K.L.:
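Have a look at the structure that comes next, please.
It should be emphasised that the depicted structure is a prediction, and the values quoted were computed from it without experimental measurement.
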Amino acid sequence: MHTAQSDTTPPEGGMSKGVLASNALLLIFAGHETTVNLIAHSVLTLLRHPDALETLRRRPELIVPGVEELLRFESSVQFWHTRSAVEDIDIAGTTIPKGAPIFLAYGSANRDPERFTEPDELDLERRDNQHLGFSQGIHFCFGAPLARLEVQIAVGEFVRRVRSPRLVEDPPPYRHNQIFRGPRHVPVDIDGIRD
């Protein structure tokens, strides 16, 4: 991707080295931070919902839809601030003028009762789970396939291998970041590890 972006053949030219470096850092930071937060939230959520943890242990095939539900239930990105209206938009009698900044509240949208049945309930088999955990459209997360795989493996192995996990501290301490939401750590007591 970066090679294609740096190609100076097109009429408009390529990206400068500074812009390329900034994009590379964004991909590294955003990909790492959000995936770590999703793994931490997934473990935290499953420990707060022992029935779901036991269901996932008994039915490991639910890890794929389970991760999608965990993405919806505890969004690692709460809002994003880099959008603006491309034209005047009328919503419920209020006009958002062209060019106005738009803040997308992913965490709120993922719990919208007009979109999701029982949005505050964790349902590992939720149907039609079109959440905004990775955004949508042209802003869809470039690293989503890798993040999904990483979380499926990490959470799947945690569920399979860790015996009797228990939260030490609830809630755990959270990072001070308005956009990327996640615990600094999730202390867990365990009775052992399975092979």
K.L.:
To check you understand the geometry: which heavy-atom pair defines the closest contact between S135 and R83, and what is its length?
P.N.:
OG-NH2, 3.5 Å
K.L.:
Test L167 against E169 for side-chain contact (heavy atoms from CB on, under 4.5 Å), laying out the working first.
P.N.:
CA-CA 6 Å; L167 283 171; E169 186 178 9; over 6 Å; no
K.L.:
I want to check something: taking the side chain as every heavy atom from C-beta on, are V188 and R166 in contact at a cut-off of under 4.5 Å?
P.N.:
no
K.L.:
At what distance, to the nearest 0.5 angstrom, does NE2 of H176 lie from CZ of R184?
P.N.:
5.5 Å
K.L.:
Any side-chain heavy atom of C141 within less than 4.5 Å of one from Q136?
P.N.:
no
K.L.:
Going by side chain to side chain contact (heavy atoms under 4.5 Å, CB included), name the residues that satisfy it together with R160, two or more places apart in sequence or in a different chain.
P.N.:
E157
K.L.:
Can you list the residues that meet the side chain to side chain contact (heavy atoms under 4.5 Å, CB included) rule with S75, with sequence neighbours excluded?
P.N.:
Q78, N110
K.L.:
Provide the closest heavy-atom pair for R175 versus V36 in the form atom of the first, atom of the second, distance.
P.N.:
NH2-CG1, 4.0 Å
K.L.:
What is the minimum heavy-atom distance between D123 and E69, and which atoms define it?
P.N.:
N-OE2, 2.9 Å
K.L.:
Are there over 12 heavy-atom neighbours, none belonging to R127, within less than 6.0 Å of that residue's CZ?
P.N.:
no
K.L.:
Could you tell me whether the side chain of R181 reaches within less than 4.5 Å of the side chain of S76, counting heavy atoms only?
P.N.:
no
K.L.:
Rounded to the nearest 0.5 Å, what separates atom CD1 in I39 from atom CG in L44?
P.N.:
13.5 Å
K.L.:
With a cut-off of 6.0 Å (strictly less than), are more than 12 heavy atoms of other residues, nucleotides or ligands near NE2 of H185?
P.N.:
yes
K.L.:
Can you see which heavy atom on P172 is nearest to which on Y174, and at what distance?
P.N.:
O-CD1, 3.2 Å
K.L.:
So do D88 and I96 actually touch side chain to side chain, heavy atoms under 4.5 Å?
P.N.:
no
K.L.:
Is the Lys NZ or Arg CZ of R72 less than 6.0 Å from the centre of F116's six-membered ring, within 45° of the axis?
P.N.:
yes
K.L.:
Taking it one step at a time, do S164 and D191 satisfy side chain to side chain donor-acceptor pair (under 3.5 Å)?
P.N.:
CA-CA 6 Å; S164 303; D191 289 345; 3.3 Å; yes
K.L.:
Can you check whether F158 reaches P165 side chain to side chain, under 4.5 Å on heavy atoms?
P.N.:
yes
K.L.:
How many angstroms lie between atom CG of L53 and atom CZ of R48, to the nearest 0.5 angstrom?
P.N.:
14.0 Å
K.L.:
Do L25 and L146 sit in one hydrophobic cluster, given that two such residues count as connected whenever their side-chain heavy atoms are within less than 4.5 Å of each other, even indirectly?
P.N.:
no
K.L.:
Return yes if some donor-acceptor pair links the side-chain N/O of H131 with the main-chain N/O of G133 below 3.5 Å, else return no.
P.N.:
yes
K.L.:
Is Y106 linked to F140 within one hydrophobic cluster, defined over Ile, Leu, Val, Met, Phe, Trp and Tyr using a side-chain heavy-atom separation of less than 4.5 Å?
P.N.:
no
K.L.:
Tell me whether V64 shares a hydrophobic cluster with L46, the cluster being built from Ile, Leu, Val, Met, Phe, Trp, Tyr side chains joined at under 4.5 Å.
P.N.:
yes
K.L.:
Are I193 and V159 connected into the same hydrophobic cluster when the rule is that any two of I, L, V, M, F, W, Y join if their side-chain heavy atoms are below 4.5 Å apart?
P.N.:
yes
K.L.:
Is there a path of hydrophobic side-chain contacts, each under 4.5 Å between heavy atoms of I/L/V/M/F/W/Y residues, joining V155 to I190?
P.N.:
yes
K.L.:
Are the side chains of L70 and L122 in contact, using a 4.5 Å heavy-atom criterion?
P.N.:
yes
K.L.:
Kindly give the heavy-atom pair with the smallest separation between G156 and I63, and that separation in Å.
P.N.:
N-CD1, 3.8 Å
K.L.:
Using the side chain to side chain contact (heavy atoms under 4.5 Å, CB included) criterion, which residues pair with L62? Sequence neighbours excluded.
P.N.:
T55, L56, R59, P65, E125
K.L.:
For P113 and P119, work out which heavy atoms get closest and say how close.
P.N.:
CA-CG, 3.8 Å
K.L.:
Here's one to test your reading of the geometry: is the NZ or CZ of R126 within 45 degrees of the ring axis of F73 and under 6.0 Å from its centre?
P.N.:
no
K.L.:
Kindly determine whether I102 and S84 satisfy side-chain contact (heavy atoms from CB on, under 4.5 Å), including the steps that lead there.
P.N.:
CA-CA 5 Å; I102 297 174; S84 59; 5.6 Å; no
K.L.:
Are side-chain heavy atoms of L38 and T34 found at a separation under 4.5 Å?
P.N.:
no
